[in-house]
Amino acid sequence: MAAGQEAALAQILHRGRRDGSLPWAEPESDARFIRAVIAQAFDEQMAPTASMSATEAAARVRDFVLRALGATTTVAAAGRQERP
């Protein structure tokens, strides 16, 4: 299952690198790291002591990943929210 998720993520990252929207992407290794971040966020949400809502956790993961990949799309800009 993890290999399939990583392969799908790597395909997305390859497309982003080709079209210039994810210029810093290193598809295969970044796919592993992104899957790990998602898994950690999921585990935290499953804990009874989750410190944020699932929506906020998803937004933070998205923001982190897009910044790390050097995203240049409007999605990255739109996803930015001020943090308290």
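Residue numbers start at 1 and run along the sequence shown. Here the structure is a predicted model, which is why all the values come from computation and not from measurement.
Note that CZ of Arg60 and OG of Ser53 are 9.5 Å apart. Values are rounded to the nearest 0.5 Å. With values rounded to the nearest 0.5 angstrom, Gln5 atom CD is found 8.0 Å from Ile38 atom CD1.
The minimum heavy-atom distance between Gln45 and Ala57, with the atom names listed, is NE2-CB, 3.7 Å. The shortest heavy-atom contact between Gly70 and Pro23 is O-CD, 3.0 Å. Here the shortest heavy-atom pairing between Ala31 and Leu13 reads N-CD1, 3.7 Å. The minimum heavy-atom distance between Ile12 and Leu22, with the atom names listed, is O-CD1, 4.3 Å.
Put simply, the side chain of Asp43 does not reach to within 4.5 Å of the side chain of Met46, judged on heavy atoms. Inter-residue side-chain proximity for Asp30 and Val65 is flagged as unmet; no heavy-atom pair is nearer than 4.5 Å.
Following chains of ILVMFWY side-chain contacts shorter than 4.5 Å, one cannot reach Phe33 starting from Leu9, and the two form parts of different hydrophobic clusters. Two different hydrophobic clusters hold Val61 and Phe42 under the rule that ILVMFWY side chains link at heavy-atom gaps under 4.5 Å.
Side-chain atoms of Arg17 come within 3.5 Å of backbone N or O of Ala25 as a donor-acceptor pair.
Using a cut-off of 4.0 Å between Lys/Arg side-chain N and Asp/Glu carboxylate O, Arg67 and Asp63 are scored as salt-bridged. Arg32 has no carboxylate O lying under 4.0 Å from a charged side-chain N of Glu28, or vice versa, which leaves the two without a salt bridge.
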